[in-house]
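Note sheet for the following structure.
All residue numbers in this chain count up from 1 along the given sequence.
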Amino acid sequence: NLHIKLIVMSATLESNLFVNYFADLNFGLQPPTVMLTAKTEVFSHEISEFFLEEIPSNFVPSCLSTFQQVHMDAVPQFGVLPGEFTENMQNLAADLVWSHARDNFTTLVFLPGLGEILSLQEKIHDLLEKNGEPIESADELPENGHYYHIFVLHSTMPYEEQKRALQKPLPNARHIVLSTNVAESSLTVPNVNVVIDSGLKRTNSYEPVNRVYRLTTVWCSRASCMQRRGRNGRVCAGKYIKLFPRKFYELKLNDYDTPE
């Protein structure tokens with residue numbers, strides 16, 4: 001059929017893969033291709049990036065010893081697959097969330113699955129309570145001054161709960177969204193000024209020996225990191241904090257995810 005048009009949308013698309021694929025089906029003749037890029041002003045704000053070993057100590061005021069231990073263990077910890085979001089990493093992530101939350105903005109944290117999300121949610125809640133920070137679930141909220149609201153985003157969540165997590169923060173609200181990779185491209189979280197990335201995701205993998213699929217925790221690709229990075233910098237300058245070392249990112253992560 002000469003009248004078929006294929007439209008592909010992606011922030012990290014390797015267009016040559018598609019063009020060459022259809023050329024192979026068409027005796028080596030490349031199909032006519034039109035490339036359109038997004039308006040640069042949508043992402044015009046600067047994004048500061050930090051790998052694990054580059055995180056300044058003032059980012060983690062309440063768990064500096066934990067941060068130093070994570071840093072020391074980084075090479076052996078991140079050289080093994082599948083990845084694991086350890087308790088030290090949870091403490092570090094909770095401290096980063098608390099130190100970076102700002103009024104009228106959202107801190108977005110990428111985690112592999114619901115178990116890690118609920119565990120980190122509890123740690124953040126305990127850390128906020130310990131430091132006397134007002135949380136939305138409290139009986140009384142301050143009439144003046146900020147308060148925190150923790151949201152969970154997961155593909156199995158009811159639609160109404162997802163909608164609440166995607167609301168724009170009020171002027172004195174500090175939103176914290178703990179999400180799987182559903183917020184990487186499928187959903188847009190508003191007013192994000194900080195992204196904290198575990199570098200992990202849960203995916204279906206096929207075991208040819210047993211002929212079954214199972215959910216496994218794996219490291220995401222560099223393309224996924226770019227997608228996660230792009231969740232902020234839209235309304236203001238942002239930060240992208242990776243909880244894994246630069247060398248691991250450069251040497252171990254794949255360019256693109258393996259299709260399920």
**Request:** Please answer whether the main-chain N or O of Q121 pairs with a side-chain N or O of H125 as donor and acceptor at a distance below 3.5 Å.
**Result:** no
**Message:** According to salt bridge (Lys or Arg N to Asp or Glu O under 4.0 Å), does anything in residues 175-191 pair up with another residue at least two apart or in another chain? List the pairs.
**Reply:** E184-R228
**Message:** In the structure I gave you, are the side-chain heavy atoms of I124 and L178 within less than 4.5 Å of one another anywhere?
**Reply:** yes
**Aromatic plane relationship, Y148 with H146 - under 30° parallel, 30 to 60° tilted, over 60° perpendicular** = perpendicular
**Prompt:** If you round to the nearest 0.5 Å, how far is CD1 of I176 from CG of L108?
**Reply:** 11.5 Å
**Request:** Report yes if the side chains of N193 and R102 come closer than 4.5 Å at any heavy-atom pair, otherwise no.
**Result:** yes
**Request:** Check for a donor-acceptor pair, side chain of R222 on one end and backbone N or O of L253 on the other, with a separation under 3.5 Å.
**Result:** yes
**Results of side-chain hydrogen bond (donor to acceptor under 3.5 Å, both in side chains) for N191 - residues two or more places apart only** = none
**Complete:** On a heavy-atom basis, the closest approach of V189 and A183 is CG2-CB, 4.2 Å
**Asked** Are the aromatic rings of F51 and Y249 close, with centres under 6.0 Å apart?
**Response** yes
**Over 12 foreign heavy atoms within 6.0 Å of CD, E122** = no
**Request:** Could you tell me whether the side chain of F59 reaches within less than 4.5 Å of the side chain of H100, counting heavy atoms only?
**Result:** yes
**Item:** Nearest heavy atoms of T107 and A101, plus distance in Å
**Value:** OG1-CA, 3.8 Å
**Item:** Donor-acceptor pair, side chain of E250 and main chain of K247, under 3.5 angstrom
**Value:** no
**Request:** For this output row, return yes or no: ring centroids of H175 and F105 closer than 6.0 angstrom.
**Result:** no
**Message:** As a quick check of understanding, evaluate side chain to side chain contact (heavy atoms under 4.5 Å, CB included) for V109 and L120, giving each step before the final call.
**Reply:** CA-CA 10 Å; V109 186; L120 182 57; 4.0 Å; yes
**Item:** Nearest-0.5 Å distance, CZ of residue F85 to CD of residue Q90
**Value:** 5.5 Å
**Request:** Look only at the side chain of S119 and the backbone of G115, and say whether a donor-acceptor pair between them is shorter than 3.5 Å.
**Result:** no
**Message:** Please check this pair: side chain of S198 against backbone of F110, looking for a donor-acceptor N/O pair closer than 3.5 Å.
**Reply:** yes
**Message:** Distance check, rounded to the nearest 0.5 Å: L111 atom CG versus S179 atom OG?
**Reply:** 8.0 Å
**Request:** Identify, with sequence neighbours excluded, every residue that meets side-chain hydrogen bond (donor to acceptor under 3.5 Å, both in side chains) alongside Q162.
**Result:** none
**Asked** Distance-only, no hydrogens or angles: does the R164 side chain make a donor-acceptor pair with backbone N or O of E160 under 3.5 Å?
**Response** no
**Request:** Measure the CZ-CH2 distance between R174 and W98 for me, rounded to the nearest 0.5 Å.
**Result:** 10.5 Å
**Request:** Enter the distance from F151:CZ to K163:NZ here, rounded to the nearest 0.5 Å.
**Result:** 13.0 Å
**Y147 ring center within less than 6.0 Å of H149 ring center** = no
**Message:** I want to check something: taking the side chain as every heavy atom from C-beta on, are H45 and V235 in contact at a cut-off of under 4.5 Å?
**Reply:** no
**Prompt:** When hydrophobic residues are tied together by side-chain contacts of less than 4.5 Å, even through go-betweens, does L118 share a cluster with V97?
**Reply:** yes
**Request:** State, yes or no, whether a side-chain contact exists between N88 and L92 at a heavy-atom distance under 4.5 Å.
**Result:** no
**Asked** How far does CG of N131 sit from CD of E129, to the nearest 0.5 angstrom?
**Response** 10.5 Å
**Request:** Give the C-alpha distance, both sets of side-chain angles, the deciding distance and a yes or no for salt bridge (Lys or Arg N to Asp or Glu O under 4.0 Å) between D257 and K201.
**Result:** CA-CA 11 Å; D257 293 316; K201 68 171 187 173; 3.3 Å; yes
**Request:** Might you point out which heavy atoms bring A165 and V177 nearest each other, and give the distance in Å?
**Result:** O-CG2, 4.1 Å
**Request:** Evaluate the criterion side chain to side chain contact (heavy atoms under 4.5 Å, CB included) for residue pair R229 and I47; output intermediate values, then yes/no.
**Result:** CA-CA 8 Å; R229 177 188 185 275; I47 299 175; 3.7 Å; yes
**Request:** Would you check if I117 and L153 make a side-chain contact, meaning some heavy-atom pair closer than 4.5 Å?
**Result:** no
**Request:** Locate the shortest heavy-atom distance separating F244 from D197; write the atom from each residue and the value.
**Result:** CE2-O, 3.9 Å
**Request:** Verify side chain to side chain contact (heavy atoms under 4.5 Å, CB included) between R214 and N204, making sure each step is shown before the conclusion.
**Result:** CA-CA 5 Å; R214 68 186 183 94; N204 271 320; over 6 Å; no
**Message:** Measuring only between side-chain heavy atoms, which start at C-beta, is H154 closer than 4.5 Å to V182?
**Reply:** no
**Request:** Using atom types as modelled and distance alone, determine if a side-chain donor or acceptor of T106 lies under 3.5 Å from a backbone N or O of P190.
**Result:** yes
**Asked** Quick one: does N232's side chain have a donor or acceptor within less than 3.5 Å of a partner on K239's backbone?
**Response** yes
**Request:** Indicate, with yes or no, if L6 and V19 share a hydrophobic cluster defined by side-chain heavy-atom contacts under 4.5 Å among Ile, Leu, Val, Met, Phe, Trp and Tyr.
**Result:** no
**Request:** Using modelled atom types only, decide if a donor and an acceptor are shared between the side chain of N210 and the backbone of V212 within a distance under 3.5 Å.
**Result:** no
**Message:** With heavy-atom distances below 4.5 Å as the criterion, would you say the side chains of I241 and V195 are in contact?
**Reply:** no
**Request:** Provide the closest heavy-atom pair for A93 versus L243 in the form atom of the first, atom of the second, distance.
**Result:** CB-CD1, 4.1 Å
